[in-house]
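Beneath this line is the structure, given in structure tokens, with notes to follow.
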Amino acid sequence: MRIAIVGPTHPYKGGIAQYTTELAHRLNKSGHHVRIESWSHQYPRLLYPGQLTVATPERPVYPDTVRLLSWRRPDSWFRRGRAIRASGADLVVLVVASPVQMPAYRCLLTTLRGGRNRPQVVAQCHNVLPHERRAIDVRLMRSVLGRVDRVLVHSQEQGDVARELVNVPVTVERMAPMVVASAVGHEPDPTVHRRLLFFGLVRPYKGLDVLLRALAAGPSDVSLVVAGEFWGGVGPTEKLVAELGISGRVDLRPGYVDAEDVPALFRDVDALVLPYRSATASFNAYLGFEHGVPVIASRVGTLPDDVRDGVDGLLCEPDDVESLASALSVFYSDDTPSRLRAKVLGPDAGPAWTRYVEALTATGENGVR
């Protein structure tokens, strides 16, 4: 098949850009002819206050990439739509990450629908609706998802959201594991450090505030490293840490963590904590396991499937300080850190990627398996 993937890739940073890049490589390896139609300007800076790009690629760059889409140039939306149609694409994958993209995608769809031999269009939704949504988000998402041939989501919960939103076929396929920062050459430290890690973009739905309150209520000699960009600034978190009286136990490291610096974060911590209030899926659980670290996570999204409770991590209830504090106490009882670490397995990505590629490219009536 000739496939056009419309989505972010290098120099854009973060999980979605990384996954788009890896997807292109996997599709190409499966025998498909793939081009990434990416962005020269993806978002207005006002809507994303953090670091947008990185200088060093986080995944091997996909060679057949065009970076001509711009949020501020509607003419680029129509031009790239015409170019995709002229290329003879059989399948177009719209990487859906934010409602901000929907006007551009709506124009692309309008252009692709013109003429004969139109391609099948699949909307690959990392989130059908944002975790922190506005009233207009539903209308924006419906304006695109209601016009594609198929929607692909990464959890049954998101499948239900999509089916409530639009009347088009929905495919559910879990995200394949992807590890940006390999643990090759980094031996895990078996020492119990009584130190935990929160890693990644800090936004309200990630539940860092829940973790800080649980840390204050849990074992008094356990510390926490928080590494990542702070959505809206680090000030509110610093204030909460001071109010809870745990300033000496919390190491805040604001700023995007480059892939090459990730392994060092996992070298002297006992567990990665994912205290999310809501989630679809998370690469971070795979990242923790890649580095031989157990994961303590909320029962949201696919995390209960990723983390084997009591085997390679612990699960707790979302947005529940008492439940998370109890999990921390259980984790630091007896030899639990060492016992769970011994059962951690690095992610086996091959079979999962085979399933994902098949789900994305499956055809039939209306392009549905």
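With hydrogens and angles ignored, the 3.5 Å screen pairs a side-chain donor or acceptor of D90 with a backbone N or O of R2. Put simply, the side chain of S278 never gets that close to the backbone of H131: no donor and acceptor are under 3.5 Å apart. Side-chain atoms of D312 come within 3.5 Å of backbone atoms of R308 as a donor-acceptor pair (strictly under, hydrogens ignored). Panel note: side chain S323, backbone C316; no donor-acceptor pair is recorded below 3.5 Å. At least one donor-acceptor pair closer than 3.5 Å links the side chain of T20 to the backbone N or O of I16. With R299 contributing its side chain and P318 its backbone, the two residues share no donor-acceptor pair below 3.5 Å. Y12 places no side-chain N or O within donor-acceptor distance of the main-chain N or O of G7, the cut-off being under 3.5 Å. No donor-acceptor pair closer than 3.5 Å links the side chain of Q156 to the backbone N or O of V172. Between the side chain of R133 and the backbone N or O of V138, no donor-acceptor pair lies under 3.5 Å. Side-chain atoms of Y62 come within 3.5 Å of backbone N or O of V34 as a donor-acceptor pair.
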Can you check side-chain contact (heavy atoms from CB on, under 4.5 Å) on H126 and V95, steps first, answer last? CA-CA 8 Å; H126 287 272; V95 179; 3.9 Å; yes
Would you sort out whether L145 and C125 count as a side-chain contact (heavy atoms from CB on, under 4.5 Å), showing the intermediate values? CA-CA 9 Å; L145 300 188; C125 291; 3.9 Å; yes
Worked check of side-chain contact (heavy atoms from CB on, under 4.5 Å) between T302 and M175: CA-CA 9 Å; T302 60; M175 293 183 73; over 6 Å; no
Under the side-chain contact (heavy atoms from CB on, under 4.5 Å) rule, what do D319 and V210 come out as? Steps first, then yes or no, please. CA-CA 6 Å; D319 202 12; V210 179; 3.6 Å; yes
Run the side chain to side chain donor-acceptor pair (under 3.5 Å) test on T280 and S155 for me, step by step, so that the C-alpha distance in whole Å, both residues' side-chain angles and the decisive distance to 0.1 Å come before the verdict. CA-CA 6 Å; T280 302; S155 71; 5.3 Å; no
For R113 and D149, run salt bridge (Lys or Arg N to Asp or Glu O under 4.0 Å): C-alpha distance rounded to whole Å, both residues' side-chain angles, the deciding distance at 0.1 Å, then the answer. CA-CA 11 Å; R113 293 315 190 201; D149 297 291; 3.7 Å; yes
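Hydrophobic cluster membership differs between L52 and W71, with clusters built from Ile, Leu, Val, Met, Phe, Trp and Tyr side chains linked at under 4.5 angstrom. Put simply, M1 and L27 are part of the same group of oily side chains (I, L, V, M, F, W, Y) that touch within less than 4.5 Å, one to the next. W231 and Y256 fall into different hydrophobic clusters, where Ile, Leu, Val, Met, Phe, Trp and Tyr are joined by side-chain heavy atoms under 4.5 Å apart, directly or via other members. Criterion: ILVMFWY side-chain heavy atoms under 4.5 Å apart, direct or through other members. Under it, F198 and V234 are part of a common hydrophobic cluster. Taken together through direct or relayed side-chain contacts under 4.5 Å among Ile, Leu, Val, Met, Phe, Trp and Tyr, Y205 and L274 form parts of separate hydrophobic clusters.
By the 6.0 Å contact criterion, CD on E243 is enclosed, its count of non-hydrogen atoms from other residues, nucleotides or ligands being greater than 12. The environment of CZ in R194 is crowded: more than 12 heavy-atom neighbours from other residues, nucleotides or ligands sit within 6.0 Å. The neighbour count for N167 CG, taken as heavy atoms of other residues, nucleotides or ligands under 6.0 Å away, does not exceed 12. More than 12 heavy atoms of other residues, nucleotides or ligands lie within 6.0 Å of NE2 in H25, so this atom counts as buried by the packing criterion. Around CZ of R73, the count of heavy atoms belonging to other residues, nucleotides or ligands within 6.0 Å does not exceed 12.
Side-chain contact between L212 and V250 is present, with heavy atoms from C-beta onward closer than 4.5 Å. For the pair L328 and P219, the minimum side-chain heavy-atom distance is below 4.5 Å. The closest side-chain heavy-atom distance from R213 to L240 is below 4.5 Å. Taking 4.5 Å as the limit, some side-chain heavy atom of Y332 sits within range of a side-chain heavy atom of D270. P236 has its side chain out of reach of F230: every pair of non-hydrogen atoms, C-beta onward, lies at least 4.5 Å apart. A heavy-atom distance below 4.5 Å is not found between the side chains of V344 and V293. The closest side-chain heavy-atom distance from L272 to F289 is not below 4.5 Å.
For the atom pair CZ (R67) and OG (S40), the distance works out to 10.5 Å, reported to the nearest 0.5 Å. The CD1 atom of I84 sits 4.5 Å away from atom CD of E37, with the distance rounded to the nearest 0.5 Å. If you take CD1 on I3 and OG on S87, they are separated by 11.0 Å, rounding to the nearest 0.5 Å. Annotation: the span from F331 atom CZ to L340 atom CG amounts to 6.0 Å, rounded to 0.5 Å. Taking CH2 of W353 as the reference point, atom CG of L360 lies at 9.5 Å (rounded to 0.5 Å). Atoms CG and CG, from D137 and L129 in turn, are 7.0 Å apart once rounded to the nearest 0.5 Å.
Results of the side chain to side chain donor-acceptor pair (under 3.5 Å) test with Y356 over R26, R174, Q124 single out Q124 as the only residue that passes. Between R59 and the choices Q18, E22, H10, the side chain to side chain donor-acceptor pair (under 3.5 Å) rule is met once, by E22.
Using a 30° and 60° split on the angle between ring planes, Y19 and H154 fall in the perpendicular class, above 60°.
Inspection of the T111 and R85 side chains reveals no N or O donor paired with an N or O acceptor under 3.5 Å.
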